[in-house]
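Following: one structure in structure tokens, then a few remarks.
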Amino acid sequence: MDALLIHGGNPLAGEVRISGAKNAALPILTASLLSAEPLKLGNVPHLKDISTMLALLGHMGVRVTLDDKNHVTLSGESIPHKEAPYEMVKTMRAAILVLGPTLARFGEARVSLPGGCAIGSRPVDLHIKGLQAMGADINIEHGYIHARCKRLQGARIVMDMVTVTGTENLMMAAALADGTTVLENAAREPEVVDLARCLIAMGAKIEGAGSDVITIHGVDSLHGAEYAVMADRIETGTFLVAAAMTGGRVRATHAQPDTLEAVISKLREAGAQVSVGEDWIEIDSDGKLKAVDVRTAPHPAFPTDMQAQFMAMNAVSEGAASVTETIFENRFMHVQELRRLGANIEVSGHTALVRGVPRLDGAIVMATDLRASACLVLAGLVAAGETTIERIYHLDRGYERIEEKLTQLGARIKRVH
């Protein structure tokens with residue numbers, strides 16, 4: 001099993017090109033199920049989760065063509081298998097996103113209930129309730145969601161809680177429904193907006209994406225389109241924190257600063273200098289940072305996917321700060337691994353109190369989920385001596401060539417088998 005070896009102490013410097021966003025690419029890939037015409041996508045990152053989704057779509061009957069320039073062409077002309085089997089869903093919860101578009105276009109879909117997730121339960125009942133409100137007949141049988149309808153009908157759907165994948169699934173389903181659908185308490189994340197823009201390019205009629213009320217006027221069919229996936233705001237934020245912690249100067253190019261306002265604000269509060277352009281963000285840090293309080297919440301507030309990285313930064317910053325997680329109930333598993341490196345962190349319920357220490361010491365640690373993996377990489381970049389991170393397959397799910405990019409910035413990091 002692969003591991004990462006990191007020798008800490010080098011400040012990062014240079015430019016890093018940001019990849020396409022995994023969390024935007026996954027729903028956009030499933031949008032190919034909505035049309036018989038080809039969907040041509042650019043800026044698709046090469047990641048484990050993307051490969052899994054492409055394999056699932058290929059299993060269902062989508063013709064998938066890849067080239068070496070991060071372009072993917074998906075042709076959903078014929079979809080003989082309207083089922084997402086457990087073997088393909090269990091490793092990636094985003095597979096639930098095939099439910100809405102398959103049901104809307106073909107009148108039937110069968111999708112395995114997602115398996116467990118290390119960072120907590122992410123129930124799909126809101127997806128099901130929304131589709132039922134649109135007229136779908138849904139049964140849960142033998143661990144599968146079996147949905148049927150003649151044609152989905154527009155409806156007003158008020159979601160009990162903010163759900164990104166729920167909003168995306170229902171938005172795709174509503175695109176081919178009869179009549180108008182209004183999603184209230186919808187997710188406002190930039191990835192939802194990116195999906196809406198792709199659907200609009202395919203002929204969908206959608207208003208309000210980016211707000212908490214999204215209106216979709218159903219159309220009879222969607223056509224093919226060409227679309228480029230947005231930049232990954234979490235990858236961007238991770239590199240900015242890495243530069244801040246190591247006392248470096250890094251410019252992230254092909255980025256989207258407007259999707260990272262909460263993160264940039266917190267980095268400035270910590271004492272780093274951050275400047276932004278139309279498609280770049282530059283950070284300059286002397287490594288002497290102040291601990292900052294963080295509370296995660298749905299966009300536009302501070303993103304849960306950056307919580308672990310700021311925990312690592314606070315661990316070596318001056319003072320004490322609280323990190324409060326409101327999205328996932330089990331997203332502090334990186335705390336015990338940071339403690340192995342010498343971090344001073346106490347957890348009480350959904351809040352961790354982090355007291356900065358003068359330095360971390362390298363040790364063997366184990367990644368427990370995607371963002372915890374990134375957090376440990378950041379800690380390893382500033383730890384004295386060698387840090388070994390095991391179970392880095394989590395990292396490959398969401399960061400494209402991270403060790404290669406960090407090496408180009410001056411880090412001493414390598415993958416071992």
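None of the values given here were measured: they were computed from a predicted structure. Residue numbers start at 1 and run along the sequence shown. All values below were derived from every heavy atom in this structure, side-chain atoms included, with hydrogens, water molecules and symmetry-related copies excluded.
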Next item on the list: Using the side chain to side chain contact (heavy atoms under 4.5 Å, CB included) rule, take F310 and V241 through it: C-alpha gap first, then chi angles, then the decisive distance, then the call.
Entry: CA-CA 7 Å; F310 269 72; V241 173; 3.6 Å; yes
List the atom of [X], the atom of [Y], and the distance in Å for their closest heavy-atom pair.
X    : Y    : answer
G398 : D232 : O-OD2, 4.2 Å
M311 : V335 : CE-CG2, 3.8 Å
A31  : M202 : O-CE, 3.5 Å

Give a yes or no on whether the backbone of [Y] and the side-chain of [X] come within a donor-acceptor separation of less than 3.5 Å.
X    : Y    : value
K22  : E400 : no
R268 : V274 : yes
T246 : L12  : yes
S75  : R63  : no
T259 : Q256 : yes
S112 : P85  : no
N169 : I96  : yes
S211 : G208 : yes
N43  : A228 : no
E346 : S348 : no

Note to self: Name the residue from R110, E83, E141 that meets the side chain to side chain donor-acceptor pair (under 3.5 Å) definition with H146.
What the structure shows: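 Single side chain to side chain donor-acceptor pair (under 3.5 Å) partner of H146 among R110, E83, E141: E141.
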Next item on the list: Pick out which of D369, T326, T368, D305 makes a side chain to side chain donor-acceptor pair (under 3.5 Å) with R331.
Entry: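 By the side chain to side chain donor-acceptor pair (under 3.5 Å) criterion, R331 pairs with just one of D369, T326, T368, D305: D305.
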Inspect the surroundings of [atom1] in [X] and state if more than 12 heavy atoms from other residues, nucleotides or ligands are less than 6.0 Å away.
X    : atom1 : value
E269 : CD    : yes
R412 : CZ    : yes
E404 : CD    : yes
R17  : CZ    : no
H350 : NE2   : no

Is any side-chain heavy atom of [Y] closer than 4.5 Å to one of [X]?
X    : Y    : value
T387 : L376 : no
H71  : L41  : no
E282 : V250 : no
D125 : D160 : no

Between atom [atom1] of [X] and atom [atom2] of [Y], what is the distance when rounded to the nearest 0.5 Å?
X    : Y    : atom1 : atom2 : result
L103 : M134 : CG    : CE    : 8.5 Å
L381 : M245 : CG    : CE    : 7.5 Å
I128 : L113 : CD1   : CG    : 6.5 Å
I214 : L170 : CD1   : CG    : 10.0 Å

Cationic N near anionic O, under 4.0 Å, [X] to [Y]:
X    : Y    : result
K405 : E235 : yes
R233 : E191 : yes
E108 : K82  : no
R151 : D220 : yes
D49  : R397 : yes
E184 : R156 : yes

Notebook entry, point to check: Any ring-ring contact (aromatic ring centres under 6.0 Å, His included) pairs touching residues 16-65, not counting sequence neighbours?
Noted result: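 Counting only pairs at least two positions apart or across chains, the ring-ring contact (aromatic ring centres under 6.0 Å, His included) contacts touching residues 16-65 are H59-H81.
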Item checked: Non-neighbouring partners of H417 that pass side chain to side chain donor-acceptor pair (under 3.5 Å), sequence neighbours left out ->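 For H417, the residues satisfying side chain to side chain donor-acceptor pair (under 3.5 Å) (neighbours in sequence not counted) are D2.
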Does a donor on one side chain and an acceptor on the other come within less than 3.5 Å for [X] and [Y]?
X    : Y    : value
H394 : S373 : no
N139 : Y144 : no
T351 : T324 : yes
T296 : E325 : yes
E207 : T215 : no

Note to self: For a side chain to side chain contact (heavy atoms under 4.5 Å, CB included) check, start with the C-alpha distance between L406 and V377, then their side-chain angles and the critical distance, and finish with the verdict.
What the structure shows: CA-CA 10 Å; L406 286 170; V377 169; 3.7 Å; yes
Notebook entry, point to check: Are N344 and V354 close enough, and set up right, to give a side chain to side chain contact (heavy atoms under 4.5 Å, CB included), and what steps lead you there?
Noted result: CA-CA 6 Å; N344 182 347; V354 188; over 6 Å; no
Note to self: side chain to side chain contact (heavy atoms under 4.5 Å, CB included), that's the test. Do E403 and K414 meet it? Break it down for me.
What the structure shows: CA-CA 7 Å; E403 64 266 34; K414 67 177 181 179; over 6 Å; no
Checklist line | Any residue meeting ring pair (Phe, Tyr, Trp, His ring centres under 6.0 Å) with F239, in chain and number order, not counting sequence neighbours | finding: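 With neighbours one apart ignored, the set is empty.
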Margin query: Is there a salt bridge (charged side-chain N to carboxylate O under 4.0 Å, His left out) between K150 and D137? Walk through the geometry before answering.
Written below: CA-CA 10 Å; K150 288 185 178 177; D137 178 28; over 6 Å; no
